[in-house]
Enquirer: 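Before anything else, here's the structure in question.
Residue numbers count from 1 along this sequence.
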Amino acid sequence: MRVLAITGYKPYELNIFSNNHPAVSYIQLAIRRRLLSLLEEGLEWIVISGQLGVELWAAETAYDLREEYPQLQVAILTPFLNQEERWNEMNREYYEWIVSQADFVDSITKRPYESPAQFRWKNEWIVRKSDGLLIVYDEEKEGTPKYMLEVAKRKENYAIFPITFSDLQAIIEEAQINETQIDNRFDF
């Protein structure tokens, strides 16, 4: 697999209102683990649309991985021009930092927002141009990632790598066990 699309929940869908929320680090750890195994198999690009939440956290994770895997590149293909213009200043600054680090940035429709159809075109285009999809999504909790998942399921021979809430719960429990072991080493 050479090109991997990544998507998932937006922050408000997870009741996360800051990038410093503890859940963000667990989501990034789950993404990192999946990316590491795919990098060993030849992954070269991740593609996101630049949505707040999982997509930007995934880009940040990819930037961290570049130190070990300099071949990893990030493409941001927005559904329309200036998607960030209605976001608050903190989110715009975070988005602009992510964009400034990307290897390729473009807008699929090359026009400002006109209709929800631009999101559908974005999903179809990204799935068509990628070899697989990493999606932080649990079908038990419906959210906006379901639209890209539906497109991905229709493409033949297209790999889908879900990260579900039970995957995230396992990572949290593993981290808590590790923290307990560290605490016990210093317990006199």
Side-chain angles (χ1 to χ4, degrees), residues 1 3-41 43 45-69 72-76 84 87-88 90-102 123 126 130 132-150 152-153 159-187:
M1 173 169 311
V3 180
L4 178 71
I6 302 180
T7 195
Y9 293 105
K10 294 175 182 162
Y12 68 86
E13 294 175 302
L14 298 170
N15 291 322
I16 294 174
F17 301 100
S18 164
N19 290 329
N20 295 325
H21 191 285
V24 174
S25 63
Y26 296 119
I27 292 168
Q28 288 181 313
L29 180 57
I31 292 169
R32 179 183 179 87
R33 289 180 177 177
R34 293 285 179 135
L35 289 179
L36 283 172
S37 65
L38 294 169
L39 282 162
E40 295 299 327
E41 297 171 12
L43 179 66
W45 283 90
I46 69 161
V47 179
I48 62 171
S49 69
Q51 291 180 357
L52 291 171
V54 167
E55 292 191 13
L56 296 187
W57 301 329
E60 191 176 352
T61 302
Y63 298 152
D64 289 343
L65 285 169
R66 281 180 172 168
E67 291 181 23
E68 287 178 66
Y69 299 91
L72 182 60
Q73 300 182 73
V74 175
I76 301 173
E84 76 285 6
W87 298 349
N88 68 38
M90 184 178 70
N91 288 336
R92 272 199 314 270
E93 287 177 6
Y94 182 56
Y95 174 79
E96 288 165 5
W97 179 79
I98 295 290
V99 167
S100 73
Q101 306 296 308
N123 290 340
I126 288 176
S130 59
L133 174 67
L134 173 59
I135 183 167
V136 178
Y137 184 64
D138 194 316
E139 294 188 62
E140 299 289 318
K141 182 183 183 330
E142 193 170 286
T144 55
K146 76 175 184 178
Y147 300 109
M148 186 172 282
L149 181 60
E150 289 171 359
K153 285 180 174 178
I160 299 173
F161 305 97
I163 296 174
T164 65
F165 288 133
S166 62
D167 296 326
L168 294 173
Q169 185 61 39
I171 286 174
I172 292 168
E173 290 171 6
E174 179 185 313
Q176 289 170 340
I177 288 170
N178 290 338
E179 287 172 14
T180 302
Q181 290 172 343
I182 289 170
D183 289 345
N184 289 341
R185 284 190 316 196
F186 298 105
D187 192 19

Enquirer: Do the non-hydrogen side-chain atoms of Leu65 and Arg32 ever get within less than 4.5 Å of each other?
Expert: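 Yes, at least one pair of side-chain atoms sits under 4.5 Å.
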Enquirer: Could you tell me whether Glu173 atom CD has more than 12 heavy atoms of other residues or ligands within 6.0 Å of it?
Expert: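 Count over threshold, so yes.
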Enquirer: Looking only at heavy atoms, what is the nearest atom pair of Leu168 and Ala30, with distance?
Expert: CD2-CB, 3.8 Å
Enquirer: Enter the distance from Leu4:CG to Glu41:CD here, rounded to the nearest 0.5 Å.
Expert: 11.0 Å
Enquirer: About how many Å separate CG of Leu52 and NZ of Lys10, when rounded to the nearest 0.5 Å?
Expert: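 Lys10 atom NZ to Leu52 atom CG measures 8.5 Å (nearest 0.5 Å).
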Enquirer: Would you indicate whether the side-chain heavy atoms of Glu68 and Leu39 approach each other to under 4.5 Å?
Expert: no
Enquirer: Hey, are Thr164 and Asp167 close enough side-chain-wise for a donor-acceptor pair under 3.5 Å?
Expert: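 Looking only at side-chain atoms, Thr164 and Asp167 do form a donor-acceptor pair, the distance falling under 3.5 Å.
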Enquirer: Considering residues at least two apart in sequence or located in another chain, which fulfil the side-chain contact (heavy atoms from CB on, under 4.5 Å) criterion with Gln73?
Expert: Trp45, Asp103
Enquirer: Determine whether a donor-acceptor pair (N or O, by modelled atom type, separation under 3.5 Å) exists between the side chain of Glu55 and the backbone of Ile48.
Expert: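 Flag not set: sc Glu55 to bb Ile48 has no pair under 3.5 Å.
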Enquirer: Between CD of Gln28 and CG of Leu56, what distance do you get to the nearest 0.5 Å?
Expert: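 Between atom CD of Gln28 and atom CG of Leu56 there are 10.5 Å.
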Enquirer: Nearest 0.5 Å, please: how far is CE in Met148 from CD1 in Ile160?
Expert: 11.0 Å
Enquirer: Do you know which two heavy atoms are closest between Phe161 and Arg34, and how far apart they sit?
Expert: CB-NH1, 3.5 Å
Enquirer: Specify whether Tyr9 and Phe165 have parallel, tilted or perpendicular ring planes, treating 30° as the upper limit for parallel and 60° as the lower limit for perpendicular.
Expert: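 Correct class here is parallel.
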Enquirer: Which residue in the set Ile163, Thr61, Leu14 passes side chain to side chain contact (heavy atoms under 4.5 Å, CB included) when paired with Ile27?
Expert: Leu14
Enquirer: I need the full list of side-chain hydrogen bond (donor to acceptor under 3.5 Å, both in side chains) pairs touching residues 14-27, with sequence neighbours left out, sorted by first then second residue.
Expert: Asn19-Trp57
Enquirer: Are Gln51 and Thr7 close enough that some pair of their side-chain heavy atoms sits under 4.5 Å apart?
Expert: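 Yes, close enough: below the 4.5 Å cut-off.
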Enquirer: Which atom names give the shortest non-hydrogen contact between Ile98 and Ala59, and what distance separates them?
Expert: CG2-CB, 3.7 Å
Enquirer: Should Val74 and Gln101 be marked as a side-chain contact (heavy atoms from CB on, under 4.5 Å) after you check the CA-CA gap, both sets of side-chain angles, and the distance that decides it?
Expert: CA-CA 8 Å; Val74 175; Gln101 306 296 308; over 6 Å; no
Enquirer: Kindly check if the number of other-residue, nucleotide or ligand heavy atoms within 6.0 Å of CD (Glu150) is above 12?
Expert: yes
Enquirer: What is the distance from atom CE of Met1 to atom OG of Ser37, rounded to the nearest 0.5 Å?
Expert: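 With rounding to 0.5 Å, CE (Met1) is 9.5 Å from OG (Ser37).
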Enquirer: Go through the structure and list residues passing side chain to side chain donor-acceptor pair (under 3.5 Å) with Tyr69, not counting sequence neighbours.
Expert: Glu40
Enquirer: Which heavy atom of Leu35 sits nearest a heavy atom of Ile46, and at what distance?
Expert: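 Reported closest heavy-atom pair: CD2-CG2, 4.0 Å.
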Enquirer: Could you pull out the closest heavy-atom pair between Ala58 and Ile31, with the gap in Å?
Expert: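 Nearest heavy atoms, Ala58 then Ile31: CB-CD1, 4.0 Å.
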Enquirer: So if I apply the ring pair (Phe, Tyr, Trp, His ring centres under 6.0 Å) rule between Trp87 and each of Tyr95, Tyr94, Tyr12, which one comes out positive?
Expert: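 By the ring pair (Phe, Tyr, Trp, His ring centres under 6.0 Å) criterion, Trp87 pairs with just one of Tyr95, Tyr94, Tyr12: Tyr95.
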Enquirer: Return the CD to CG distance between Glu139 and Leu149, rounded to the nearest 0.5 Å.
Expert: 5.5 Å
Enquirer: Using 4.0 Å as the upper bound for N to carboxylate O, is an ion pair formed by Lys146 and Glu13?
Expert: no
Enquirer: Looking only at heavy atoms, what is the nearest atom pair of Ile126 and Ala5, with distance?
Expert: CG2-CB, 3.5 Å
